[in-house]
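As structure tokens, the structure follows; a few thoughts come after it.
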Amino acid sequence: MSQLHPQTLLQAYCRGVFPMCDRGGQIRWYTADPRGVIPLDDFHIPSSLKQIVRQNRFEVRINHDFRETMRQCMHGRDEGSWISDELINAYNRLHRLGFAHSVESWRDGKLVGGLYGVSLGGAFFGESMFHRETHASKVALVHLVERLRERNYELLDTQATTDHLGQFGCVAIPVPEYMKRLDKALTRECSFV
């Protein structure tokens, strides 16, 4: 069975493991310790971003162009990408099976920002985000969190913490605590769409 077969990918996510492409083009499996998560109840929206969300500057669409959202995430990296065509194909298969989703910001008929990830039970594993216009990916993140809250998700996994994610309340937690939260979230029956 291919290492990127849907069943293999989903089993890996259930164990806190995710694939990435290294600089040599090889797909490798990774974990993160500590693990980055955004507590859904403590999600923080900076006041300037609240204004942008209220202005409806972007049309937010769900799963409208999943493959292109991944492609833009791949090309949006300055120093190369951990996303490869092989990974795009693998996640597109997960998307067709209902496990991978995109939240997209559109303006004037163009995809200008967004994010994608994997949904299992009450856990959403955020994989990557991109923007072509200022705040477009942040607006997509706000909509993602609203959607996860509305549908009673328990865990938003960001894999790592960054300054960018820190402004939204992202925290780093030790792997044993992460695995407890993940195991609990996986027992929930949540539907992303």
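We number each residue from 1, following the sequence as shown.
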Taking the side chain as everything from C-beta on, heavy atoms only, tell me whether [X] gets closer than 4.5 Å to [Y].
X      : Y      : answer
Val139 : Val142 : no
Leu115 : Thr69  : no
Tyr30  : Val17  : no
Glu127 : Trp82  : yes
Pro34  : Val175 : no
Ile62  : Arg147 : yes

Which pair of heavy atoms, one from [X] and one from [Y], lies closest together, and at what distance?
X      : Y      : value
Ile83  : Cys73  : CD1-CB, 3.8 Å
Gly169 : His44  : N-CB, 4.5 Å
Ser119 : Tyr153 : OG-OH, 2.6 Å
Met70  : Leu87  : CE-O, 4.0 Å
Ala172 : Thr161 : N-CG2, 3.6 Å
Gly121 : Cys190 : O-CB, 3.3 Å

What distance separates [X] [atom1] from [Y] [atom2], expressed to the nearest 0.5 Å?
X      : Y      : atom1 : atom2 : result
Tyr178 : Ile173 : OH    : CD1   : 8.0 Å
Leu148 : Glu154 : CG    : CD    : 12.0 Å
Leu141 : Gln167 : CG    : CD    : 9.0 Å
Gln159 : Cys170 : CD    : SG    : 10.5 Å
Ile88  : Leu4   : CD1   : CG    : 12.0 Å
Ile52  : Ile45  : CD1   : CD1   : 11.5 Å

Between the side chain of [X] and the main-chain N/O of [Y], is any donor-acceptor distance below 3.5 Å?
X      : Y      : result
Arg35  : Gly16  : yes
Asp157 : Val37  : no
Arg149 : Leu40  : yes
Arg107 : Phe58  : no
Ser102 : Glu104 : no
Thr158 : Gly36  : yes
His5   : Gln7   : yes

Query raised in the report: Stepwise, does the side-chain contact (heavy atoms from CB on, under 4.5 Å) test hold for Ser137 with Phe130?
Result: CA-CA 6 Å; Ser137 62; Phe130 83 96; 6.0 Å; no
Query raised in the report: How about Phe18 and Tyr13: are their ring centroids closer than 6.0 Å?
Result: no
Requested in this report: Compute the centroid of each ring, for His101 and then for Phe192, and state whether the two points are separated by less than 6.0 Å.
Outcome: yes
**Report entry** Chi angles and distances behind the side-chain contact (heavy atoms from CB on, under 4.5 Å) call for Trp106, Asp65
**Finding:** CA-CA 11 Å; Trp106 290 74; Asp65 197 339; 4.2 Å; yes
Query raised in the report: With under 30° as parallel and over 60° as perpendicular, where do the rings of His95 and Phe66 fit, or are they tilted in between?
Result: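 Judged by the thresholds at 30° and 60°, the geometry between His95 and Phe66 is parallel.
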Query - Stepwise side chain to side chain donor-acceptor pair (under 3.5 Å) test for Gln55 and Gln51 - result: CA-CA 6 Å; Gln55 291 168 356; Gln51 281 185 312; 5.5 Å; no
Query raised in the report: side-chain contact (heavy atoms from CB on, under 4.5 Å) between Val53 and Lys138: does it pass, once the steps are laid out?
Result: CA-CA 9 Å; Val53 170; Lys138 294 175 186 175; over 6 Å; no
Requested in this report: Could you walk me through whether Leu94 and Leu10 pass the side-chain contact (heavy atoms from CB on, under 4.5 Å) test, one step at a time?
Outcome: CA-CA 9 Å; Leu94 279 185; Leu10 295 175; 3.8 Å; yes
